[in-house]
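Below is one structure; the comments refer to it alone.
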There are 2 protein chains.
Amino acid sequence: MRLLLVEDTLDVAEAVIIRLERSGIACDLARTVEEARGYLEAQPYDVIVLDINLPDGLGTDLLRDMRAKGDRTPVMMLTAQFSVDDRVSTLNLGADDYLVKPFDQRELEARVRALYRREQGDKGNEITLGTLTFNPTAKVLRKEGVPVTLTRREFSLLELLIRNRGSVMSKDRLYEGLFSFNDAEVGLNAIELYIGRLRKKLAGSKVHIETLRGLGYKLDVDA
Amino acid sequence: MRLLLVEDTLDVAEAVIIRLERSGIACDLARTVEEARGYLEAQPYDVIVLDINLPDGLGTDLLRDMRAKGDRTPVMMLTAQFSVDDRVSTLNLGADDYLVKPFDQRELEARVRALYRREQGDKGNEITLGTLTFNPTAKVLRKEGVPVTLTRREFSLLELLIRNRGSVMSKDRLYEGLFSFNDAEVGLNAIELYIGRLRKKLAGSKVHIETLRGLGYKLDVDA
DNA sequence: CACCGTGTGACAGGTCAGTGACAGATTCAA
DNA sequence: TTGAATCTGTCACTGACCTGTCACACGGTG
């Protein structure tokens, strides 16, 4: 999952990013509205967490512009004071959720995941494929009921593949979902590496990752 | 829209079918889990409405098997009693919606249509030709539902032909679409080669690539 | 019948993917 | 804070398969 955090208070931002990155969400940080616009043009995000009060303007303005352009990316608003009026107008602008500062990190993560899930169209959060059950919120993968330990990156990659099962995911798309701009300079080779590691762990599960040379990878259930 | 109703209570089933057929939804009725499996093997459906309590087993088992096989057809569950636990576990199994009996016919129809719409949205720009379905975003080609593996070049060529189906594509145009300036020095013969390879993979699909000597190629569906 | 454009099998690069080893980074527990 | 364990990502090498050329067969057209 690729997330954009727009927030000017550095310590809040850092705490959030550390937390989210640790659980496998690739985060980019923008500290102004302008910066955020740049990021948004550069690449698509799965979720945006947007502070309202920013040095060069209001987060709500950015939100309005996005919606006016037809961008439907889920947006969670953040702010310190949140009157009932603020709340209503924010939601009316097309925000999907909001959180009042100070907030609990765990709550933020849970809500972000909920937004992502909703976007993906998954009702439940447990996915069964072959002999695998995958639970993105609990971060647990089971093979025939037995837990399989996955590292952060392995988990993120598997989640991307599972959510797009049956479709070919180009190496670029996987790369975008896995790494943020901070993880600069990571080679594309890393994807191949993790694909290999995942394959080992998925062995004997009726689920396999197919390679399509020059196109990407595709996760499928054995016939 | 093609719908499979799995329900053993005849009068309920008939009422539903009459209503849905009247508004243009093609319905098949299965009265047992076994019968439903038969239908599902025989052909794909757009939506499945699935009762939980059936004479020879539970609808939830059928649902679980489908999801384990990677089948993501939207499923709406029906049942008389529906505790919170039932609800959660059903959704976690991969159901997309549920309805408690007795229900309003109009509500059923509205929800079924909602499921269908969402599914169509996901499929987006999927193109069906004869027995082929071609999905450019997922980079997947299926012949009678079975995935056909294509290489990068084959895929590009097929996409060009499909997007211009019915009209003749000159070899030059195909060439321009397939090769960039980097791929300099590739002979025109390469096109013929890939046409040949594609023809083999499209064999038995009611879709054929016609040669128009001196003019180019044309992809068409058999009469 | 000759010609030109097309079909096709075999083959030789060449590119891209798989993999093992390794070093730096990070996490976790004392 | 330190050290062990694990995770991360690079590098280099190997191997597989796609790619496109060549050569030749085929077939319609004039």
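Reminder, nothing fancy here: chain letters follow the sequence lines and each chain counts from 1. Computed from a prediction, not measured in an experiment: that's the story for all the values here. Reckoned from all heavy atoms, side chains included, excluding hydrogens, waters and symmetry mates.
Salt-bridge check for B/Arg173 with B/Glu176: failed, with every basic side-chain N at 4.0 Å or more from each acidic carboxylate O. Contact check on A/Glu159 versus A/Arg163 returns a salt bridge, with a Lys/Arg side-chain nitrogen under 4.0 Å from an Asp/Glu carboxylate oxygen.
For C/dG20, the OP1/OP2 oxygens have a side-chain nitrogen or oxygen of A/Lys200 closer than 4.0 Å. Regarding contacts with the backbone of D/dC7, every side-chain N or O of A/Arg153 stays at 4.0 angstrom or more from both OP1 and OP2. One finds a side-chain N or O of B/Lys171 lying less than 4.0 angstrom from the OP1 or OP2 phosphate oxygen of C/dT6. The phosphate of D/dC17 has neither OP1 nor OP2 within less than 4.0 Å of any side-chain N or O from B/Thr151. Taking side-chain N and O atoms only, A/Tyr217 has a distance below 4.0 Å to OP1 or OP2 of C/dG18.
The base of C/dG7 is not paired with the side chain of B/Arg197 by any donor and acceptor separated by under 3.5 Å.
Within the 4.0 angstrom heavy-atom criterion, no nucleotide atom of any strand lies near A/Phe155. Nucleic acid contact class of A/Arg22 (heavy atoms, under 4.0 Å, all strands): sugar-phosphate only.
Ring centroids of A/Tyr194 and A/Tyr175 are separated by 6.0 Å or more, keeping the two rings apart. Ring centroids of A/Phe103 and A/Tyr98 are separated by 6.0 Å or more, keeping the two rings apart.
Atom CD1 in B/Ile195 sits about 18 Å away from atom C1' in D/dC26, given to the nearest Å. As a whole-Å value, the separation of B/Tyr175 OH from C/dG5 P is 17 Å. Counting to the nearest Å, the P atom of C/dC4 and the CG atom of B/Leu212 are 21 Å from each other. At whole-Å resolution of the value, CZ in B/Arg199 and C1' in C/dG9 are 16 Å apart. B/Leu188 places its CG atom 18 Å from the P atom of C/dT8, with the value rounded to the nearest Å. To the nearest angstrom, P of C/dG9 lies 14 Å from CD of B/Glu192. In this structure, the CG atom of B/Leu193 is 19 Å from the P atom of C/dG5, given to the nearest Å. Atom CZ in A/Arg152 sits roughly 7 Å away from atom P in D/dG9 (whole-Å rounding).
When the nucleotides D/dG9, D/dC11, C/dT6 are ranked by their closest atom to the side chain of A/Asn189, D/dC11 comes out on top. With C/dG7, C/dA17, D/dG20 as the candidates, the nucleotide lying closest to the side chain of B/Thr211 is C/dG7. Considering only side-chain atoms of A/Arg213, the nucleotide from C/dG20, D/dG20, C/dT15 that sits closest is C/dT15.
Comparing A/Phe179 and B/Ala190 against DNA chain D, the residue whose closest nucleotide sits nearer the 5' end is A/Phe179.
A/Thr131 contributes a side-chain N or O that, together with a main-chain N or O of A/Ser205, makes up a donor-acceptor pair within less than 3.5 Å.
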